[in-house]
Structure formats: structure tokens, C-alpha cells
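Accompanying notes for the structure given below.
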Amino acid sequence: MDKTFQPQDIEQRWYQHWEKSGYFKPGSEQSKSVKADSNNAYCIPIPPPNVTGSLHMGHAFQHTLMDVLARYQRMRGKDTLWQVGTDHAGIATQMVVERKLAAENGQTRHDLGRDEFVKKIWDWKEESGGTITQQMRRLGDSVDWQSERFTMDEGFNAAVQKVFISLFDQGLIYRGKRLVNWDPKLQTAISDLEVENKDSKGHMWHLRYPLADDICTAEGKNYLIVATTRPETMLGDTAIAVNPNDPRYKNLIGQYITLPLVDRKIPIIGDDYADMEKGTGCVKITPAHDFNDSEVGKRHDLFMINILNKNGTIRTTAEVFDHKGNLSNQFDPSLPKEYADTDRFTARKTIVADLDALGLLDAVKEHELSVPYGDRSGVVVEPLLTDQWYVDAKTLAKPAIEAVEDGSVKFVPKQYENMYFSWMRDIQDWCISRQLWWGHRIPAWYDDKGQVYVGQSEADIRSQHSLNDTVTLTQDEDVLDTWFSSALWTFATLGWPESTDRLKTFHPTSVLVTGFDIIFFWVARMMMMTMHFIKDENGKPQVPFNTVYITGLIRDEQGKKMSKSKGNVLDPLDMIDGISLDALIEKRSGNMMQPQQREKIIKRTKKQFPDGISAHGTDALRFTLVALASTGRDINWDMNRLEGYRNFCNKIWNAARYVLMNIEGHNCGADGLSEYELSLPDKWIVSRLQQIESDIKKHFDNYRFDLASQSLYDFIWNEYCDWYLELSKPLLAEGSVDQQTGTRRTLVRVLETILRLAHPIMPFITEEIWQSIREPAGIDGNKRENDTIMLQPYPEADSNKIDADSLTDIDWLKAIIVAVRNIRGEMNISPGKILPLYLKNGNSDDKARFKKIELYVVALAKVGQITWLSAEDATPPAATQLVGELEILVPLAGLIDKNSELERLNKEIDKRSKEIARLNGKLTNANFVDKAPADVVEKERQKLAEAEDAKNRLETQYTQLREMDR
RNA sequence: ACGACCGUAGCUCAGUUGGUUAGAGCAUCGCCUUGACAUGGCGGGGGUCGGUGGUUCAAAUCCACUCGGUCGUACCA
């Protein structure tokens with residue numbers, strides 16, 4: 001074995017072995033002895049990453065937690081499936097390929113045409129689709145690769161079709177002309193969730209709209225003033241609203257104003273939406289370009305005038321619709337030609353200038369407002385009137401809300417349930433059509449008259465509706481929102497709409513691990529779709545998963561979100577393999593959208609990683625992520641933690657090295673027949689192991705990964721390595737043959753158990769070491785089930801193995817050794833120097849007890865001659881430590897400076913005095929003594945007595961020492 | 001504006017139903033290359049738990065208010 005742990009030598013080798021051996025498959029599909037039974041099944045559906053993407057730290061985090069759960073449950077004997085797959089990620093993928101096309105030969109997707117372009121995307125998927133799956137292998141993800149799915153594979157496509165068609169037939173999907181969030185750059189509708197509102201500074205323009213028919217306001221003005229942040233929309237105004245109770249204007253209701261620039265006569269209406277307190281009390285109403293106005297329009301049967309092209313420029317001629325969305329000739333649709341085809345923001349300036357020239361610009365004010373941006377395109381989105389497909393979300397949401405209310409689905413941490421409820425209880429219909437080319441084409445066809453038919457194929461529809469060839473059918477150009485297909489993820493991946501064994505065994509799945517940012521996008525929609533389509537044998541809706549574990553976000557060391565544009569992204573693989581500074585800089589600053597950031601990023605990267613990043617290995621990365629995973633809070637990434645846990649891996653490695661060196665060629669009881677004797681340290685470490693096992697189980701079952709890893713770390717480093725391995729040294733050197741066998745047996749078996757405990761978190765190092773110690777630990781490596789640690793049983797605590805005396809004895813032993821070490825440390829005595837030791841004030845029990853531990857004290861505290869002194873004996877000049885009643889004395893004898901010992905004693909006495917004062921304060925308080933529980937008071941009394949006794953003895957020692965050898 | 005979460009050692013974080021002297025890792029200081037490990041060993045220092053007030057015999061923990069931060073939602077004529 002190498003002196004240090006070299007992760008790069010072992011990781012990929014073991015992963016390939018596991019994968020090749022089929023160990024990631026569910027147990028029921030590996031061996032006939034495991035029956036497929038939904039009661040013993042454990043399934044995690046992976047949140048499908050973008051097929052053309054790559055892993056970031058957030059993935060690494062979530063994947064690690066999922067893998068910990070999967071490996072843990074698999075070892076506990078659950079029939080475990082971690083379902084893997086990728087998402088076609090509509091807009092994101094289409095954009096990537098469009099950019100690639102543009103960069104390579106300056107083409108747009110329109111140059112290629114739809115079929116050719118979609119083919120290009122499939123090509124790109126073939127080329128880049130392997131990246132993320134390769135990265136997952138490096139992370140050690142124990143997913144079932146053989147059943148990997150893609151949201152556009154054949155079976156999935158069938159599921160999507162079936163869901164769409166059924167929902168349409170049930171009246172839960174409909175088509176309608178409505179306002180949607182329109183992205184003028186990508187030229188597609190997007191959902192509310194894909195809109196990012198950003199605060200920005202803008203202007204509020206106050207416009208004068210002349211009253212028609214020579215009427216005047218109560219104040220005698222012949223115009224109304226409206227205010228707007230988007231003056232260009234005035235071209236589409238179809239009313240002015242005032243509050244029906246507003247004394248200033250209520251007599252004008254039913255009258256008209258003349259809309260400037262377009263010379264349109266539009267009504268003044270009364271609506272509560274107009275707030276008398278706000279602005280001038282008059283609101284321009286543009287139902288085709290504002291969501292609130294659209295609602296007002298519906299209440300008053302207003303016409304809707306669309307003035308924008310799909311690319312965000314002003315139309316040459318407006319589109320006029322009546323309140324039902326039918327084309328209308330009520331108004332002259334012509335628009336001033338000087339704005340035609342100019343961008344909305346250019347038009348804004350021109351229109352303001354033109355109104356100003358007409359004397360109709362009353363005021364311009366600075367204004368803070370939030371502006372909606374498309375999260376993908378980064379441009380301002382526009383409410384636009386278009387024909388789109390919608391899902392009746394309210395109907396579907398009802399059972400989905402109930403499932404969380406009645407606890408069928410639990411969120412961890414629980415507070416996210418509120419987030420879920422608040423959104424679900426106020427849910428809007430879901431716009432599912434997207435004007436993209438990449439995605440599931442909507443299975444709808446139109447005839448010449450615009451009549452819509454929904455069905456699996458054109459042929460199906462023709463036969464179903466008896467349409468002959470004289471009727472031309474054209475398929476809807478649009479595709480479905482990506483989240484429409486991912487909403488079917490839990491059951492479509494298991495084979496639905498076929499009725500498969502996997503669906504029966506693994507659905508509902510056990511736990512979904514995901515980020516809070518997609519609770520709405522994904523979690524809620526999976527709930528709705530699954531409960532609508534998947535029923536159990538009694539016809540009761542099935543939930544998609546029983547538990548939703550919400551993770552926090554991984555941020556950079558300053559708590560900032562990691563993003564490409566900030567240049568603070570860390571690649572999990574760089575943590576594993578390491579990366580040079582130059583390569584890291586290239587990665588962070590190359591191919592930047594905003595080159596001006598480049599220098600800044602380079603500078604910061606150089607400062608933060610002057611030597612690049614060294615290799616830490618997958619296990620260290622995973623352990624770090626697990627250790628930081630406390631419930632649902634964000635993680636500020638800390639390279640120092642990673643380094644600490646790399647050292648921890650090395651610690652385990654060397655502990656194993658020690659064990660191997662000491663069992664090699666010796667009997668360690670593997671045959672189960674040899675005589676052996678367990679010594680005090682053996683009994684102790686076995687007892688502690690049981691306690692740790694039950695702690696870890698508790699923590700895993702509560703999803704407290706951080707506490708589980710902490711328990712493991714503490715036990716391995718601070719107990720097994722620091723104490724047990726050290727205690728084993730004198731035993732192996734001086735113990736009897738049976739004792740040596742007992743210790744070797746314990747050394748290797750506890751190590752073997754530790755490896756199994758740690759395996760879900762650190763799969764590679766545990767497998768590597770386990771392979772070399774399984775035989776001495778008494779495991780028959782020739783049996784197939786013993787080929788790998790990943791299929792071994794997870795350790796379970798056995799309270800019969802806890803020896804209570806060993807726990808108190810070792811605590812006492814530790815206290816004595818620490819006392820000597822403390823004197824040594826504080827007096828700057830070299831650790832190797834053998835010290836004589838006096839023990840004073842020990843009772844007969846202490847003496848008997850000390851006999852049991854003398855061997856270890858001598859070895860670990862490096863003491864030579866040990867002399868017991870009775871209470872009456874004169875104490876030699878010595879440094880003193882108290883262990884309960886017992887006084888530990890190290891003679892000064894030229895080793896120790898008297899004054900520093902006096903100083904040290906003083907410090908100790910001082911400490912005791914403070915404690916005594918505190919306890920006295922408490923105990924003289926009648927309220928405390930009367931009202932606190934008796935055992936609490938008694939405890940405090942005892943502490944006081946002990947502190948007083950200790951103080952007295954330290955003071956005696958102090959006086960004696962000071963008097964000596966003056 | 002409303003809601004959620006967070007504020008504990010220099011840094012990153014634990015701290016359960018209120019009850020020992022508030023813990024860990026990293027960093028720091030001192031001693032040590034001892035035959036598993038210097039990616040190490042041993043020992044030490046470091047915190048008025050964001051602030052104020054309250055409930056209680058007892059508050060990091062419960063309540064109210066307040067300051068700071070993150071996120072979400074709403075509003076924005």
C-alpha cells in the first residue's frame with residue numbers, strides 16, 4: 001500500500017467493475033432470491049439533467065445525496081433502483097445548436113428548415129450527450145444505466161402523446177387566444193415561471209388625452225392625464241378607466257377621448273381597478289398588451305388591439321379583435337407609418353417625442369419599476385395576444401394539494417410545503433405550447449376552416465373523424481413546454497403507458513431530491529400529472545414520490561451564486577482531478593458573453609487559486625458535500641473543508657495500512673475457531689461502534705447527512721485512530737497470544753464495519769480497502785455476494801455488544817493520559833521523554849482499576865516509574881492534574897520550572913473559583929432550589945462539591961510547592 | 001409591501017423537547033519527523049450566540065420588537 005491515498009489509481013477501475021457486473025440494477029433483477037415487491041422497493045427518480053449540458057456543483061451535490069441514499073438502502077437490503085435519464089431541455093438545447101450554427105457558418109435555423117435543424121440537434125445530442133453521463137460515472141453514481149431514459153425517446157414520446165390526447169379529450173387541455181409572456185428574441189411564449197422580474201430605473205410619462213365631443217372635466221380641463229411606463233402601448237389603447245366613485249371624473253363615464261397619433265375615439269369607463277389615490281386617477285387600458293388591462297377589458301367587453309409583431313417591432317397595421325378574440329373591423333387598424341417595423345424601444349422614444357411636439361406630454365418622472373425579462377434570452381418580454389394551448393391547472397392541482405395536506409407526500413424540510421401550497425392554491429392555467437422546433441410536437445391538426453383535431457397521427461384523425469383526402473390537414477407547428485414531458489418523469493421512465501413490472505414495483509417512488517428553485521416548474525407538475533394518470537389497484541391516485549428532499553444551492557465562498565458570467569464557477573471534476581491555474585483561467589474566462597468581465601475574472605481566479613486546484617478525489621468531494629448538507633440551507637463552498645476531508649481519506653487509508661501491517665501473517669480469528677480474548681480496548685471500541693451505528697442510522701433516516709458524516713468522522717478519527725489503534729500497540733507488543741488474536745480480530749473487524757458504514761458516502765476508498773481486508777475479517781471472498789462492498793449488509797447496532805464498564809474505564813484512562821499530556825504540553829516537555837508518575841489520593845478501587853490500564857498509560861502517556869502515594873504521604877515538588885479524586889503528579893525534578901507550574905496551578909484555581917461562584921449563585925437562589933427539578937438541583941450541588949474539593953487540593957498543592965526549596 | 005429562511009470562534013458550519021463550563025473542521029500559537037499517517041501526533045488560545053425587551057428558577061433555544069443578509073411573491077397608471 002502507498003503511504004498516502006491515491007484516489008486516481010482506484011476510482012475508475014472500481015466503477016467499471018461495478019457497472020460491468022450489473023450491481024446498479026435493482027436486486028430483484030440481479031438475483032432470483034430477491035422478489036420484486038413494492039413493500040421492499042426503494043426508488044429515486046433522478047432529476048433529469050439537460051442532455052447537452054455538463055455537471056456543475058449543484059448536480060454533484062444532489063447526485064451525491066441521491067447516491068448516498070441509494071447505496072445505503074441497497075445495503076440495507078432494499079430492492080433499489082436509481083432511475084437515470086436526461087431531459088431534452090427545449091429552449092436551452094435549441095439555443096445551443098443555433099449558436100453553434102451561427103458560429104460555424106453563419107446560418108440560422110430558418111436557413112436549414114425545420115427537419116434539417118431538428119436533425120442537427122439530434123446529431124449534437126449524440127455528440128455531447130455523453131458528457132454528463134461520463135461525469136456521473138466519475139462521481140460514482142450508482143444509477144441503473146441499462147434503463148437510462150431520455151424525454152424524447154420513443155416510449156417517452158408515447159407517454160407524452162397519450163397524456164396530451166387524454167387531457168384534451170377530458171377537456172383539461174384547451175386552445176385559446178390569450179395574453180402570454182412573449183419572448184421577442186426567441187419568438188416563443190414562455191410561462192410565468194420563466195420570467196425574471198428585475199428592478200430597474202425607468203420613467204413615468206404623463207400623457208394628455210384630449211376629450212372628445214368638446215366635453216370637459218369637472219375642473220374644466222378638456223383632456224385627461226394618464227401615466228405610463230410603456231408609452232408605445234398607447235397605440236393599442238381601447239379605453240380610459242376611472243373609478244366610478246371619483247367625483248372628478250364620474251360624470252365622464254360613457255363619454256370618449258380621442259387617442260392622439262392614431263386618432264381613435266375610445267370610451268371612458270368606470271372600473272374599480274382605477275385607484276383614485278394613485279396618479280391622476282385615470283388609467284389607459286391596453287387589453288392586448290397588459291395583463292391587468294386585459295382583465296379590465298374582459299369586464300367591459302373591450303376590443304383588443306395588437307400593435308406588436310412577434311419580434312417586438314411595431315406593426316404596420318394593427319390587429320383588432322373583439323372581446324371574444326375574433327377579428328373585428330370595429331376600428332381602423334392603420335397605425336402611423338413612421339413607427340412601422342421599428343423596435344418597441346425605439347418607437348417609445350419617437351412616440352414620446354411626437355406627443356411632446358403636440359404639447360401632449362404633461363410630465364416625465366424618474367420611476368423605479370420592475371421589468372420582466374426572459375430568463376433564457378435576457379430580453380424584455382412582452383404580454384402578447386396569441387393562440388396557445390393551456391392545461392386546466394386548477395382542476396389538476398386539487399388532488400395534488402390534498403396529497404401534501406394529508407401527508408401522502410412529505411417535504412424535507414417541511415417549510416417548503418408552504419411554498420408549494422402558496423403557489424398551488426393560486427395556480428393559473430399553464431401555457432404549454434412553445435414556438436420552438438425542438439420538443440414534442442403537439443398532436444393537433446387543423447383543417448382549412450381552422451377546426452382542430454387531436455389524435456395520435458393524421459391517419460388516426462382521418463379515420464376517427466371520417467375525413468377523406470379532400471380535406472387538407474396541417475399539424476400544429478408548436479411543441480410542448482419541456483416541463484410538460486418532465487412532469488411525467490416518475491412513471492414514464494418506469495414504462496408507462498405500458499403496464500410494466502417496474503411500474504408496479506417502484507411507483508410511487510421513494511424520494512425525490514431536488515432544488516427549491518424547481519418546486520413549481522417540476523415538483524408541482526409531477527404531482528398533478530401523476531395523480532391524474534396513475535392509480536393504484538383500488539383506483540386511488542398514486543403520488544409520484546413519498547418524500548421530497550429539498551437541497552440548498554451551492555454558492556461560492558462569498559455566498560454568491562455560481563454563474564458563468566461571474567466567472568466563479570467550479571467544476572466538480574476539477575475538485576476530483578485537480579486543474580492548473582492556466583486551464584482554470586481559460587475555462588472561466590474563455591468564450592465570455594461579456595468580455596469586459598474577463599480581466600476581473602482572471603485577476604480573481606489568480607488570487608483565489610494561485611497554484612490551481614490540486615486533486616482531492618471523488619470520495620473527499622462527496623464527503624464534503626455530505627458534511628455540508630444540513631437541512632435545506634445554501635452552502636457556501638469552502639475549499640478548506642474539501643482539503644480537510646481529503647486528509648480524512650488519507651487517515652482512513654493509513655489506518656488500514658496499520659491494520660494490514662499488523663495482521664499480516666498472524667491469526668486474527670478469521671476462521672471462527674481460534675481461541676481469542678478481548679481486552680478492555682477491544683470491548684470499548686466494539687461498544688462505541690454499536691452506538692455510532694445507531695446514531696448514523698438515525699441521522700440517515702432523518703435525512704441529516706451532515707450529522708451522519710460528522711458521527712462517522714469523529715468515530716474514525718477521534719476514537720478508532722486516536723485511541724483504539726494506539727491502545728492496540730502495547731497489546732500487540734506485550735499481550736498474550738489470545739489477547740493478540742483478540743485485538744487483531746477487533747482491529748480488522750471494526751475496520752471492516754467502518755468501511756461498510758462509510759461506503760454510501762465514500763464508495764471508492766471503502767471498496768479498495770475492503771477488498772484487501774475482507775478475508776481476515778472472516779468474509780469468504782469466493783462467494784459471489786461477497787465480491788463487492790456495495791452489496792454487503794449495512795451495519796446494524798447490537799446493544800448486547802455494549803460493555804458499559806469498558807466505556808467508563810476507557811474514559812478514566814483517557815482522562816489520566818490527557819492529564820499527563822497536558823502537563824507535558826504546557827511545560828514544553830518533549831513528547832518522547834519518559835516521565836516518572838505519582839498517583840495520590842487513590843482509593844482501593846482506583847488501584848485495582850489502574851492495574852487494568854497501567855499497560856496503556858505507560859505506553860500512551862510515556863511514563864516510566866509509577867508510584868502510589870497515600871493521602872498522608874508528603875507530596876514531592878510536582879506538576880499536578882486532577883482526575884476526579886485522583887491526583888496525577890509529575891515530579892519537577894529538573895524537568896519543570898517551578899514558577900510556570902505555580903502559574904498553571906493559579907490558572908486552574910481561578911477556573912474553579914469562577915465555577916464555584918457561579919454554582920453558589922445558583923444554589924443560594926431559593927427560586928432555583930424550589931422550582932427546578934430535584935435531579936437538576938442535585939447535579940448542581942454535586943458539581944459544587946467537586947469544584948470546592950478540587951480547588952482546595954489545588955490550593956494545598958500551590959502552597960506546598962511555593963514553600964518548597966525556597 | 002407580504003412571506004420564508006439565515007445571523008453562533010478569523011472562515012465554513014452543528015447545537016434535538018429550554019437544564020454541565022456553547023461544539024466540530026479549517027485557520028492560528030507552542031512542542032514533536034515516535035515504525036499507520038507531517039494530508040501526521042500532542043497540547044493551548046480564541047465566542048457577552050446580530051441588538052433590545054419579555055416569559056422562566058433557568059434562554060443560543062420560547063415570545064415581541066428591531067437591525068443586517070438571502071430568496072420568493074405581489075405592486076408599480
Side-chain angles (χ1 to χ4, degrees), chain A residues 1 3-5 197 199 202 204-207 225-229 240-241 273-275 278-285 290 292-293 367-370 413 415-416 418-419 422-423 426 516-517 520 552-553 555 557 559 561 614 616 620 627-628 630 632-662 702 704 706-707 710 713-714 717-718 721-722 725-726 729 818 821-832 862 911 914-915 918-919 922 925-933 935-937 939-940 942-943:
Chain A
M1 268 177 107
K3 204 170 163 183
T4 51
F5 174 51
N197 290 305
D199 289 335
M204 181 72 80
W205 287 274
H206 294 241
L207 312 178
I225 297 175
V226 294
T228 180
T229 55
I240 301 297
Y273 172 64
D275 185 339
K278 268 189 196 168
T280 58
C282 303
V283 191
K284 67 193 266 307
I285 302 295
D290 183 283
N292 289 317
D293 293 4
H367 186 70
E368 303 249 334
L369 72 168
S370 76
Q415 74 248 22
Y416 286 101
N418 293 332
M419 198 171 168
S422 72
W423 191 68
D426 185 34
F516 65 90
D517 48 336
F520 309 140
L553 248 51
R555 299 169 174 279
E557 65 291 340
K561 243 186 197 166
S614 59
H616 294 83
L628 292 171
S630 62
R633 65 183 273 172
D634 287 355
I635 291 176
N636 293 353
W637 184 250
D638 179 5
M639 288 300 289
N640 294 321
R641 290 288 291 252
L642 178 63
E643 201 177 322
Y645 293 124
R646 180 197 59 180
N647 296 352
F648 178 55
C649 291
N650 190 55
K651 190 75 182 175
I652 297 175
W653 185 255
N654 275 286
R657 227 160 72 88
Y658 170 82
V659 172
L660 278 168
M661 285 166 85
N662 283 288
N702 291 331
R704 287 304 304 266
D706 57 330
L707 298 180
Q710 185 68 41
Y713 184 99
D714 274 344
W717 200 313
N718 301 329
C721 291
D722 283 352
L725 294 192
E726 293 306 320
K729 288 174 184 175
V818 167
R821 283 174 176 174
N822 183 275
I823 292 170
R824 213 187 266 280
E826 299 227 329
M827 296 299 142
N828 282 348
I829 301 169
S830 155
K862 294 271 188 312
K911 234 195 218 166
K914 279 187 189 140
E915 198 185 348
R918 193 180 53 83
L919 290 165
K922 241 179 172 178
N925 180 345
N927 276 326
F928 173 69
V929 181
D930 293 347
K931 295 191 180 166
D935 58 321
V936 171
V937 177
K939 237 199 243 167
E940 297 294 297
Q942 219 168 345
K943 274 190 290 187

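Note that the structure is predicted; figures quoted are calculated from it, not measured. In what follows, every chain begins at residue 1, and chains take the letters A, B, ... in the order their sequences are listed.
- Among the atoms of the strands shown, base atoms are found under 4.0 Å from some heavy atom of A:A274.
- Contact annotation: A:K729 side-chain N/O to B:A36 OP1/OP2 distance is under 4.0 Å.
- Residue contacts shown for A:W717 are limited to sugar-phosphate atoms, with no base heavy atom under 4.0 Å away.
- In the set B:C57, B:G44, B:A77, B:G44 carries the atom at the smallest distance from any side-chain atom of A:N822.
- Nucleic acid contact class of A:C282 (heavy atoms, under 4.0 Å, all strands): base.
- Heavy-atom nearest nucleotides on RNA chain B were determined for A:C649 and for A:W205, and the one closer to the 5' end corresponds to A:C649.
- Of the candidates B:C31, B:A36, B:A77, B:A77 carries the atom nearest the A:A227 side chain, counting heavy atoms from C-beta on.
- At the heavy-atom level, A:K939 lies nowhere under 4.0 Å from the strands shown.
- When every heavy atom of A:C649 is checked against every heavy atom of A:A620, the shortest pair comes out as SG-N, 3.9 Å.
- Contacts of A:L707 with the nucleic acid, taken as non-hydrogen atoms under 4.0 Å apart, involve only primed sugar atoms and P, OP1 or OP2.
- Distances from the side chain of A:R641 to the nucleotides B:G19, B:C31, B:C13 place B:C13 closest.
- Residue A:N197 has no polar side-chain atom (N or O) positioned under 4.0 Å from OP1 or OP2 of B:U73.
- At the heavy-atom level, A:L628 lies under 4.0 Å from the strands shown only through sugar-phosphate atoms.
- For B:G15 and B:A22, the C1' atoms lie 8 Å apart once the distance is rounded to whole Å.
- B:U39 atom P lies 12 Å from atom NE2 of A:H616, rounded to whole Å.
- Remark: C1' of B:G43 and CG of A:N828 are 9 Å apart, rounded to the nearest angstrom.
- Of the candidate nucleotides B:G19, B:A77, B:A36, B:G19 has the atom nearest to the side chain of A:V936.
- As judged by a 4.0 angstrom heavy-atom cut-off over every strand, A:D930 is placed among residues making no nucleic acid contact.
- Comparing A:N650 and A:D706 along RNA chain B, the residue whose closest nucleotide (by nearest heavy atom) sits nearer the 5' end is A:D706.
- Using a 4.0 Å heavy-atom criterion, one finds that A:Y645 contacts no nucleic acid atom at all.
- Between the side chain of A:E726 and the base of B:A36, at least one donor-acceptor pair of N or O atoms lies under 3.5 Å.
- Across the P atoms, B:C57 and B:A14 are found 33 Å apart, a figure rounded to whole Å.
- One donor-acceptor pair, N or O on each side, does fall under 3.5 Å between the base of B:C76 and the side chain of A:S370.
- One atom, CG of A:N640, and another, P of B:C26, lie 10 Å apart when rounded to the nearest Å.
- In the set B:A77, B:G25, B:G19, the nucleotide with an atom closest to the side chain of A:F928 is B:G19.
- Put simply, A:N636 has no side-chain N or O that comes within less than 4.0 Å of OP1 or OP2 on B:C11.
- Distance CG (A:D634) to P (B:G72): 11 Å, rounded to an integer number of Å.
- Residue contacts for A:K284: at a heavy-atom cut-off of 4.0 Å it reaches no nucleic acid atom on any strand shown.
- Looking at every heavy atom in both residues, A:S614 comes nearest to A:R646 through OG-NH1, 3.9 Å.
- In this structure, the nucleotide among B:U34, B:A36, B:C42 sitting nearest to the side chain of A:M661 is B:A36.
- OP1 or OP2 of B:A77 sits under 4.0 Å from a side-chain N or O of A:T229.
- Phosphate contact (OP1/OP2 of B:G40, side-chain N/O of A:K3, threshold under 4.0 Å): absent.
- For B:C37, one of the phosphate oxygens OP1 or OP2 lies less than 4.0 angstrom from a side-chain nitrogen or oxygen of A:R657.
- No engagement by A:D714 is indicated, since no non-hydrogen atom pair under 4.0 Å with the nucleic acid exists.
- For A:M204, the side-chain atoms get nearest to B:C76 when compared with the rest of B:C57, B:C76, B:G41.
- Counting any heavy atom pair closer than 4.0 Å across all strands shown, A:Q710 reaches sugar-phosphate atoms only and no base atom.
- Atom P of nucleotide B:G44 and atom CZ of A:R824 are separated by 14 Å, given to the nearest angstrom.
- Atom P of nucleotide B:C31 and atom CZ of A:R821 are separated by 19 Å, given to the nearest angstrom.
- Using Watson-Crick or G-U wobble geometry with both donor-acceptor distances under 3.5 Å, B:U73 finds its partner in B:A1.
- Among the nucleotides B:G43, B:A4, B:C57, the one closest to any side-chain atom of A:E826 is B:G43.
- Summarising the local packing, NZ of A:K943 is surrounded by more than 12 heavy atoms from other residues, nucleotides or ligands at distances under 6.0 Å.
- Across all strands, A:S422 comes closer than 4.0 Å to no nucleic acid atom at all (heavy-atom distances).
- Atoms CG (A:D935) and C1' (B:C57) sit 14 Å apart, rounded to a whole Å.
- The nucleotide whose nearest atom lies closest to any side-chain atom of A:V818 is, among B:A14, B:G41, B:G43, B:G43.
- Here B:A58 presents its P atom at 7 Å from CG of A:N927, a figure rounded to the nearest Å.
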